[in-house]
Amino acid sequence: MKDYRKAIKIIPKAIDVSLNTFSNYRNIKLSDDQDIPHQKVVLMERIFGLTPGELENFEPEYKSLKQLLEEWED
């Protein structure tokens, strides 16, 4: 519990956001439209020793450039 309280104060400073903003990040639900900026996610992954992309909560749908170019021509 002691480390948790310290972490709640240290992490916002380490990622350069306010305590309130960090609290908002922590309260985002998977179903919310709100999102954490990519740069902050990258910093948190590094702080927590995670590999890139481990904090992703969904896989975005996308098409390859080739598919997009083919659709453009149609």
Side-chain angles (χ1 to χ4, degrees):
M1 196 63 169
K2 189 168 93 175
D3 287 342
Y4 173 81
R5 288 188 183 127
K6 285 182 189 177
I8 296 301
K9 293 178 183 176
I10 293 170
I11 295 170
K13 290 179 184 178
I15 64 172
D16 195 29
V17 298
S18 70
L19 185 58
N20 189 48
T21 297
F22 184 63
S23 178
N24 289 340
Y25 290 170
R26 292 175 41 230
N27 292 323
I28 296 173
K29 296 181 175 79
L30 286 175
S31 60
D32 289 347
D33 288 335
Q34 188 179 11
D35 204 2
I36 300 171
H38 178 72
Q39 293 173 328
K40 303 304 180 186
V41 171
V42 169
L43 290 172
M44 287 190 286
E45 285 173 338
R46 291 180 181 172
I47 288 169
F48 294 123
L50 303 172
T51 59
E54 271 193 85
L55 287 179
E56 283 183 353
N57 58 2
F58 70 95
E59 183 70 31
E61 291 184 30
Y62 64 93
K63 295 179 182 181
S64 69
L65 179 57
K66 184 177 179 179
Q67 289 173 312
L68 293 170
L69 290 171
E70 287 172 358
E71 289 176 7
W72 182 265
E73 292 174 3
D74 290 341

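Because the structure is predicted, anything quoted here is derived from the model rather than measured.
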Tell me, yes or no, whether the heavy-atom count around D16 atom CG, taken from other residues, nucleotides or ligands under 6.0 Å, exceeds 12. no
Kindly write out the residues that satisfy side-chain hydrogen bond (donor to acceptor under 3.5 Å, both in side chains) with [X], not counting sequence neighbours, or none if the list is empty.
X	value
T21	S18
K29	none
Y4	R26

Considering non-hydrogen atoms only, spot the tightest contact between D32 and N27 and give its length.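 D32 and N27 have their closest heavy atoms at OD2-O, 4.2 Å.
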As an exercise, state the distance from CG of N20 to OH of Y25, rounded to the nearest 0.5 Å.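 Spacing of CG (N20) from OH (Y25) equals 11.0 Å.
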Measure the CD-CG distance between E70 and L65 for me, rounded to the nearest 0.5 Å.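 So the gap between those two atoms works out to 10.0 Å.
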In terms of hydrophobic clusters joined by side-chain contacts under 4.5 Å, are [X] and [Y] together?
X	Y	value
V41	I8	yes
I11	I36	yes
F22	I10	no
V42	I47	no

Sequence neighbours left out, what passes side-chain contact (heavy atoms from CB on, under 4.5 Å) with Q67? Give chain and number order.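 side-chain contact (heavy atoms from CB on, under 4.5 Å) list for Q67, sorted by chain: K63, S64.
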Pairs flagged by side chain to side chain donor-acceptor pair (under 3.5 Å) wherever residues 34-44 is involved - sequence neighbours left out: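 Counting only pairs at least two positions apart or across chains, no side chain to side chain donor-acceptor pair (under 3.5 Å) contact touches residues 34-44.
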Of all pairs that satisfy side chain to side chain donor-acceptor pair (under 3.5 Å), the ones with a partner from residues 42-51, not counting sequence neighbours: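 Matches after skipping sequence neighbours: T51-E54.
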